[in-house]
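Structure first, commentary second.
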Amino acid sequence: MKKILTLTILLAATLTLSAKKKANAEHSESAQTVYLYALSASFNDSIVYITDIQTVEGAYIEKKHILGGLRQYVQQMDRYFKEKGVADRINTVFFKTKRTKAEKQFVKLRKRYTKDGIGLRVLPQGEFSFQPVKKE
């Protein structure tokens with residue numbers, strides 16, 4: 001009886017510690033390199049703009065797969081198009097932590113838009129580049 005009680009307490013302690021460790025790992029935010037690109041479309045224009053894949057150092061990932069400061073990256077695209085005099089665009093930012101995965105997703109997205117006969121224009125990195133967003 002004493003052995004069963006001891007084993008039960010050890011098992012409960014082990015499960016509690018592993019659950020806490022997993023919860024801390026999921027809630028921790030880490031700065032790392034991400035590969036970003038953005039897509040900009042408008043209901044008033046048949047041209048869709050897409051950026052090159054850009055490497056951003058020091059970006060942070062929240063929880064598991066959420067890019068920290070995503071709204072600020074979208075706002076960078078908004079500012080770029082407002083400076084160019086083009087308003088009312090819907091901007092979307094895509095990211096991956098591995099370049100090969102980002103390239104695969106990028107090619108797939110480009111094929112989808114070129115197949116539909118939409119005017120797709122690539123914004124080279126020299127024309128627009130993402131600036132890292134600091135953790136607040």
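Values reported hereafter were calculated over all heavy atoms of this structure, with side chains retained and with hydrogens, waters and symmetry mates removed.
Y35 has its side chain out of reach of T97: every pair of non-hydrogen atoms, C-beta onward, lies at least 4.5 Å apart. In this structure the side chain of R71 never reaches within 4.5 angstrom of the side chain of V74, judged on heavy atoms.
The structure places CZ of R79 at 8.5 Å from CZ of F128, a figure rounded to the nearest 0.5 Å. We find the CD-CD1 distance between Q32 and I61 to be 4.5 Å, quoted to the nearest 0.5 Å.
A salt bridge between E103 and R99 is present, with a side-chain N of the basic residue lying under 4.0 Å from a carboxylate O of the acidic one.
Here the shortest heavy-atom pairing between R89 and S42 reads NH1-CB, 3.5 Å. The two residues M77 and S40 make their nearest non-hydrogen contact at CE-CB, 4.1 Å. The shortest heavy-atom contact between Y60 and G69 is OH-N, 3.5 Å. Heavy atoms only, all atoms of each residue included: L123 and E127 are closest at CD2-OE2, 3.6 Å. For A41 against V48, the heavy-atom pair with the smallest separation is CB-CG2, 4.2 Å. Looking at every heavy atom in both residues, V34 comes nearest to A59 through CG2-CB, 3.5 Å.
Side-chain polar atoms of D88 and N44 form no donor-acceptor pair below 3.5 angstrom.
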| message | Pair Y49, F81 - check ring pair (Phe, Tyr, Trp, His ring centres under 6.0 Å), show working. | response | CA-CA 10 Å; Y49 294 94; F81 282 110; 5.3 Å; yes

| said: Let's go through S129 and Q54 carefully: what are the C-alpha distance in whole Å and the side-chain angles of both, what is the deciding distance for side-chain hydrogen bond (donor to acceptor under 3.5 Å, both in side chains) to 0.1 Å, and is it a yes or a no? | reply: CA-CA 7 Å; S129 60; Q54 299 178 18; 5.0 Å; no

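No continuous path of ILVMFWY side-chain contacts below 4.5 Å connects L36 to I66, so the two sit in separate hydrophobic clusters. In terms of hydrophobic clustering, with Ile, Leu, Val, Met, Phe, Trp and Tyr side chains grouped at heavy-atom distances under 4.5 Å, Y113 and V122 are assigned to a common cluster. Note on I50: it does not cluster hydrophobically with I90, by side-chain heavy-atom contacts below 4.5 Å among ILVMFWY residues.
Between the side chain of T51 and the backbone N or O of A38 there is at least one donor-acceptor pair closer than 3.5 Å. Q72 places no side-chain N or O within donor-acceptor distance of the main-chain N or O of V133, the cut-off being under 3.5 Å. The main-chain N or O of Q131 is found under 3.5 Å from a side-chain atom of Q76 such that the two form a donor-acceptor pair.
Just one of F106, Y37, F130 meets the ring-ring contact (aromatic ring centres under 6.0 Å, His included) condition when paired with F94; it is Y37.
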